[in-house]
A.B. asks: 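One structure, as structure tokens, below. Some questions next.
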Amino acid sequence: MNILIIDIDSLRPDHLGCYGYDRDTSPTIDAIAERGVRFDRCFVSDAPCLPSRTALATCRHGLNSGVVTHHGEGQRYDEPGDGHDPDADRMLAFRQLAENGIYTASVSQFTQRHLAYHFGASFQESIMPTATAGGPAIEDCSDVTPVAQSWLDRHADDDDWLLHVNYWDVHHPYLGIEDVVDSVRDSGSAPEWPDQAAIDDQQGMTGVRCADLWPSADQYGPDWLDFYDWPMPESITDRDDFEQLIDGYDASIRRVDGEIATLLETLERNGIRDETAVVVTADHGEAFGEHGIYAEHAFPHPACQQVPLIVSWPGVTDDAEGEATDAQVYQFDLLPTICELADVPIPSGWDAEAFTPALSGDRFEGREFLVSGQGIYTFGRAVYRDQWMYVRLVHPGVFSYPGLYNDPDLPNDGLELLHDLEADPHMTRNLVASEPERTAEMRGLLDRWLVSQLSDEWHAQQPVESRGRDPLARTASTGPYLYADPDELLDLYREHDRSDAQIEALTRTMAAFPRPTRNPSS
């Protein structure tokens, strides 16, 4: 069996037709879902890009791999042993497949963009679709697809391969969408939330890429905004501003969906569509108003941590075509599932667990609860169990949430959140104070999970200075400031005569939490 994994950056599941979206963003992905199984409660173990794809490549939580953010100590992969022992109990995931007869390749600039050698090294072939990497203007889906097509044409007669294809275009700045944006906009309405009342409530919070200030502090100004093909609002003050973002995002999904159609046509042309499993997923989602954040993956919540997972596997999903499961899974659970179906041994040291029964429609309970980390703009973790979400922020970055989170009556100055996702899907009410028993239950789940992870045998083998320590907490000592410097933001507020309340809130946050002691990108 051959396997095609389509990995789309920043893709929210609830903006796909097969997940119930009103607009016509994803006809090709929807058709894949009709031939496969859709997972409605799939979360990455760690977000955003570097932690998420590291988790996929290692089948381990960032707490165990060492990669929890994009900079500093939190981006360093701790490879067990010498990394080349085929008997190692924590073999890199795609390397484990290669060691057992599946030829693996990736078409992606991710390895170079995030200096993630361990990701590219997991594959036998790691192909950059263009000569350079790292900027939004140089990685376009029209560059990626021909490279992937060429690979498929060359390997069409081969057996047992896995090709990972990464599209970045759904990540802002929404380039090249002029030909599709009108049809997508006309195909249905933008989401009703946030309505104007919600947008009004979000005015005055501190932060970047929020309702009050969309660009980050060092990118502020008309010259930077002119870089974008799709004009970005400088702030979100009304529904028109919000819909401007959504139109760009949705059109980008539709554009990538067309590229996926081209890949499937390549499989058909080579006569191997029915011999190829197709997987559609993402590295993280994107907030569009949740917790006051817009077009950014900056907070531990479902908007950023929940991802699509669609698996169409001929001969496996045939009896469950078009079905969906609400069993909770991590995205990295995909890899042991592939191992099971390909008769490849699953290393004992992986955190990932197979969800194979769900693909054939058999009874599958999934995980009782999930813990998902967040590693840029804010540092924290979310716990998902049933309809409940609990968040513990390790560091709030430059953000404050007026009326919600910097409330002196809440524990830890509002660094704990509890949301009922069924009653309040947009997470507008923090229930920590009103639901103390539920809060204690969810808090206990996270505490026990941390203890179990930090006390395992692998951590006991680490140097004394790092033994038993949480890499997210360690990295918080310099703050989540890679993309938003608090001093620059404070200067910006003063320069633009922002309110005394905003300046006071940001100053208070800066005083209460660590600030950079060195250049965080070093």
Side-chain angles (χ1 to χ4, degrees), residues 1-9 28-29 31-32 35-36 53 56-57 86 91-112 116-131 133 139-169 256-283 309-318 334-345 359:
M1 177 57 67
N2 307 318
I3 305 160
L4 174 63
I5 298 178
I6 300 165
D7 173 5
I8 306 170
D9 207 290
T28 306
I29 296 174
I32 295 171
R35 294 184 60 175
R53 290 201 180 93
L56 183 66
M91 176 72 71
L92 283 167
F94 296 102
R95 187 183 297 170
Q96 174 71 359
L97 295 173
E99 292 278 356
N100 287 274
I102 297 177
Y103 191 83
T104 60
S106 173
V107 178
S108 174
Q109 290 178 312
F110 167 76
T111 295
Q112 175 61 25
Y117 167 79
H118 54 275
F119 186 82
S122 190
F123 296 91
Q124 289 165 279
E125 280 188 77
S126 183
I127 308 165
M128 287 179 55
T130 63
E139 184 178 357
D140 187 89
C141 59
S142 63
D143 296 318
V144 173
T145 300
V147 176
Q149 279 187 287
S150 175
W151 193 97
L152 291 170
D153 286 337
R154 293 195 309 275
H155 292 271
D157 294 332
D158 298 340
D159 295 324
D160 299 328
W161 50 254
L162 180 148
L163 178 64
H164 165 264
V165 181
N166 176 204
Y167 290 109
W168 195 78
D169 306 71
V256 170
D257 187 84
E259 300 297 310
I260 298 171
T262 300
L263 294 183
L264 297 187
E265 289 165 3
T266 304
L267 296 177
E268 294 281 3
R269 173 168 49 79
N270 283 288
I272 57 172
R273 175 66 181 91
D274 291 335
E275 302 168 16
T276 305
V278 179
V279 178
V280 177
T281 189
D283 60 339
L309 180 60
I310 300 165
V311 181
S312 172
W313 195 301
V316 176
T317 58
D318 297 355
L334 172 67
L335 268 299
T337 303
I338 291 174
C339 286
E340 276 197 355
L341 292 172
D343 199 24
V344 171
L359 297 183

A.B. asks: Run the numbers on Ser122 and His118 for side chain to side chain contact (heavy atoms under 4.5 Å, CB included), then give the verdict.
C.D. replies: CA-CA 6 Å; Ser122 190; His118 54 275; over 6 Å; no
A.B. asks: When you compare the side chain of Asp274 with that of Arg35, does any pair of heavy atoms fall below 4.5 Å?
C.D. replies: yes
A.B. asks: With a 3.5 Å distance limit and no angle check, can you tell me whether Asn270 reaches the backbone of Ile272 through a side-chain donor-acceptor pair?
C.D. replies: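 No; judged by distance alone, with no hydrogens or angles, the pair does not exist.
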A.B. asks: What distance do Asp9 atom CG and Arg53 atom CZ have between them, rounded to the nearest 0.5 Å?
C.D. replies: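 It comes to 5.0 Å.
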A.B. asks: Do Asn166 and Val144 come within less than 4.5 Å of each other through their side chains, counting heavy atoms only?
C.D. replies: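 Heavy-atom side-chain distance check fails, nothing below 4.5 Å.
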A.B. asks: Just verifying a value: how many Å separate Trp161 CH2 and Met1 CE, rounded to the nearest 0.5 Å?
C.D. replies: 10.0 Å
A.B. asks: Is there a side-chain contact between Phe119 and His164, using heavy atoms and a 4.5 Å cut-off?
C.D. replies: yes
A.B. asks: Check the pair Tyr167, Glu259 against side chain to side chain contact (heavy atoms under 4.5 Å, CB included), reporting the backbone distance first and the verdict last.
C.D. replies: CA-CA 9 Å; Tyr167 290 109; Glu259 300 297 310; 3.7 Å; yes
A.B. asks: Run the side chain to side chain contact (heavy atoms under 4.5 Å, CB included) test on Leu309 and Val311 for me, step by step, so that the C-alpha distance in whole Å, both residues' side-chain angles and the decisive distance to 0.1 Å come before the verdict.
C.D. replies: CA-CA 7 Å; Leu309 180 60; Val311 181; 4.3 Å; yes
A.B. asks: Can any side-chain N or O of Gln109 pair as donor or acceptor with the backbone N or O of Met128 at less than 3.5 Å?
C.D. replies: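 No.
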A.B. asks: Using every non-hydrogen atom in the two residues, find where Pro129 and Asp143 come nearest and quote the distance to one decimal.
C.D. replies: CB-O, 3.8 Å
A.B. asks: As an exercise, state the distance from CD1 of Ile260 to CD1 of Ile32, rounded to the nearest 0.5 Å.
C.D. replies: 6.0 Å
A.B. asks: Find the distance between CD1 (Ile5) and CG (Leu335) and round it off to the nearest 0.5 Å.
C.D. replies: 6.5 Å
A.B. asks: Just wondering, do Trp313 and Ile3 contact through their side chains at under 4.5 Å, heavy atoms?
C.D. replies: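 Counting from C-beta outward, Ile3 and Trp313 do come under 4.5 Å.
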A.B. asks: Please check if the number of heavy atoms outside Asp158 that lie under 6.0 Å from its CG is greater than 12.
C.D. replies: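 Yes, because the 6.0 Å sphere around CG of Asp158 holds more than 12 heavy atoms from other groups.
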A.B. asks: What is the minimum heavy-atom distance between Ser142 and Asp140, and which atoms define it?
C.D. replies: OG-OD2, 2.5 Å
A.B. asks: Find out whether Met91 and Pro345 are in side-chain contact, i.e. whether some heavy atom of one side chain is under 4.5 Å from a heavy atom of the other.
C.D. replies: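 They are not in contact (no side-chain heavy atoms under 4.5 Å apart), so the answer is no.
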A.B. asks: Side-chain contact test, heavy atoms from C-beta onward, threshold under 4.5 Å: evaluate it for Ser106 versus Phe94 and give yes or no.
C.D. replies: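 No, their side chains stay 4.5 Å or more apart.
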A.B. asks: Could you check if a side-chain atom of Leu263 sits within less than 4.5 angstrom of a side-chain atom of Val278, using non-hydrogen atoms only?
C.D. replies: no
A.B. asks: For a 4.5 angstrom cut-off between non-hydrogen side-chain atoms, does Thr281 reach Leu56?
C.D. replies: no
A.B. asks: Between His155 and Tyr103, how do the two ring planes meet: parallel, tilted or perpendicular, split at 30° and 60°?
C.D. replies: parallel
A.B. asks: Within this structure, what is the CG-CD1 distance for the pair Asp257 and Ile6, rounded to the nearest 0.5 Å?
C.D. replies: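 Taking CG in Asp257 and CD1 in Ile6, the distance rounds to 9.5 Å.
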A.B. asks: How long is the span from the OG1 atom in Thr276 to the CG atom in Leu264, to the nearest 0.5 Å?
C.D. replies: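 So the gap between those two atoms works out to 9.5 Å.
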A.B. asks: Is a donor on one side and an acceptor on the other found under 3.5 Å between the side chain of Asn100 and the backbone of Gln96?
C.D. replies: yes
A.B. asks: Please evaluate residues Ser312 and Arg273 with respect to the criterion side chain to side chain contact (heavy atoms under 4.5 Å, CB included), reporting the C-alpha separation (whole Å), side-chain torsions for both, the decisive distance (0.1 Å), and the verdict.
C.D. replies: CA-CA 11 Å; Ser312 172; Arg273 175 66 181 91; 4.1 Å; yes
A.B. asks: Which pair of heavy atoms, one from Ile102 and one from Ala342, lies closest together, and at what distance?
C.D. replies: CD1-CB, 3.6 Å
A.B. asks: Could you tell me which non-hydrogen atom of Cys141 sits nearest to which non-hydrogen atom of Asp169, and how far apart they are?
C.D. replies: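 It is N-OD2, 2.9 Å.
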